[in-house]
Amino acid sequence: GPDAALTLLQQVYAALKPGAAFVLIDHAGNPGLDNKALHRIPESDVRELALDAGFTIDVAPTWLSNPADDRTQMVFAKGLRGNTDRFVLHLRK
């Protein structure tokens, strides 16, 4: 859940040297869906958690985005695995 994710991000932040980078990649989810069951998370939730942990967001490249994925299927669904819409956040301490 969000509390555990925040704790993890805070621990990573504490372990990094000043100026260090941390890259986070996950499967994009839609707000309001059962993202836990779909193995997804809305990017906005991750951004908020990262900022709350003390990180700044350097860049958010779109290398792994896939607009053809409507984000309503589980990431392991047949035909979708490996083709999900994913986000990348380049975080900085």
Side-chain angles (χ1 to χ4, degrees):
D3 292 336
L6 178 58
T7 298
L8 173 68
L9 287 170
Q10 289 170 330
Q11 290 171 343
V12 170
Y13 185 87
L16 294 173
K17 293 181 181 183
F22 180 65
V23 177
L24 204 153
I25 301 171
D26 213 333
H27 300 277
N30 291 328
L33 293 182
D34 185 2
N35 287 294
K36 184 176 179 179
L38 298 172
H39 291 269
R40 295 173 178 269
I41 189 166
E43 181 179 347
S44 58
D45 292 359
V46 178
R47 284 175 170 270
E48 183 178 330
L49 288 167
L51 294 172
D52 288 349
F55 286 101
T56 58
I57 300 171
D58 271 356
V59 224
T62 57
W63 312 317
L64 300 175
S65 65
N66 180 2
D69 175 13
D70 67 6
R71 305 176 184 177
T72 61
Q73 297 181 57
M74 185 177 191
V75 299
F76 305 115
K78 187 176 181 175
L80 183 61
R81 188 173 188 155
N83 295 303
T84 58
D85 185 20
R86 290 171 282 170
F87 60 87
V88 179
L89 294 178
H90 186 268
L91 308 175
R92 178 86 50 197
K93 178 173 182 177

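Nothing fancy with the numbering, it's 1 onward along the sequence.
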Inter-residue atom distance [X].[atom1] - [Y].[atom2], 0.5 Å rounding:
{"X": "E43", "Y": "L24", "atom1": "CD", "atom2": "CG", "value": "10.0 Å"}
{"X": "L49", "Y": "I41", "atom1": "CG", "atom2": "CD1", "value": "6.5 Å"}
{"X": "T72", "Y": "N35", "atom1": "OG1", "atom2": "CG", "value": "10.5 Å"}

Hydrophobic cluster identity match, [X] and [Y], side-chain contacts under 4.5 Å:
{"X": "W63", "Y": "V59", "value": "no"}
{"X": "L33", "Y": "V46", "value": "no"}
{"X": "L6", "Y": "L51", "value": "yes"}
{"X": "V12", "Y": "V23", "value": "no"}

(message) Please list all pairs meeting salt bridge (Lys or Arg N to Asp or Glu O under 4.0 Å) that have one or both residues in residues 4-33, counting only residues at least two apart or in different chains.
(response) none
Under 3.5 Å, which donor-acceptor pairs do the side chains of residues 80-93 form with other protein atoms, sequence neighbours left out?
{"unit_1": "T84", "atom_1": "OG1", "unit_2": "H27", "atom_2": "ND1", "d": "2.8"}
{"unit_1": "D85", "atom_1": "OD1", "unit_2": "N66", "atom_2": "N", "d": "2.9"}
{"unit_1": "D85", "atom_1": "OD2", "unit_2": "R71", "atom_2": "NE", "d": "2.9"}
{"unit_1": "D85", "atom_1": "OD2", "unit_2": "R71", "atom_2": "NH2", "d": "2.7"}
{"unit_1": "H90", "atom_1": "ND1", "unit_2": "D58", "atom_2": "OD2", "d": "3.4"}
{"unit_1": "R92", "atom_1": "NE", "unit_2": "D58", "atom_2": "OD2", "d": "2.8"}
{"unit_1": "R92", "atom_1": "NH1", "unit_2": "G19", "atom_2": "O", "d": "2.6"}
{"unit_1": "R92", "atom_1": "NH2", "unit_2": "D58", "atom_2": "OD2", "d": "3.0"}
{"unit_1": "K93", "atom_1": "NZ", "unit_2": "Y13", "atom_2": "O", "d": "3.0"}
{"unit_1": "K93", "atom_1": "NZ", "unit_2": "L16", "atom_2": "O", "d": "2.6"}

(request) Work out which heavy atom in F55 is nearest to a heavy atom in L9; give both atom names and the distance. (result)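 Heavy-atom minimum between the residues: CE1-O, 3.5 Å.
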(message) Tell me the closest heavy-atom pair linking N30 and P42, and the distance in Å.
(response) C-CG, 4.1 Å
(request) Could you pull out all residues at least two apart from D69 that satisfy salt bridge (charged side-chain N to carboxylate O under 4.0 Å, His left out)? (result) R40
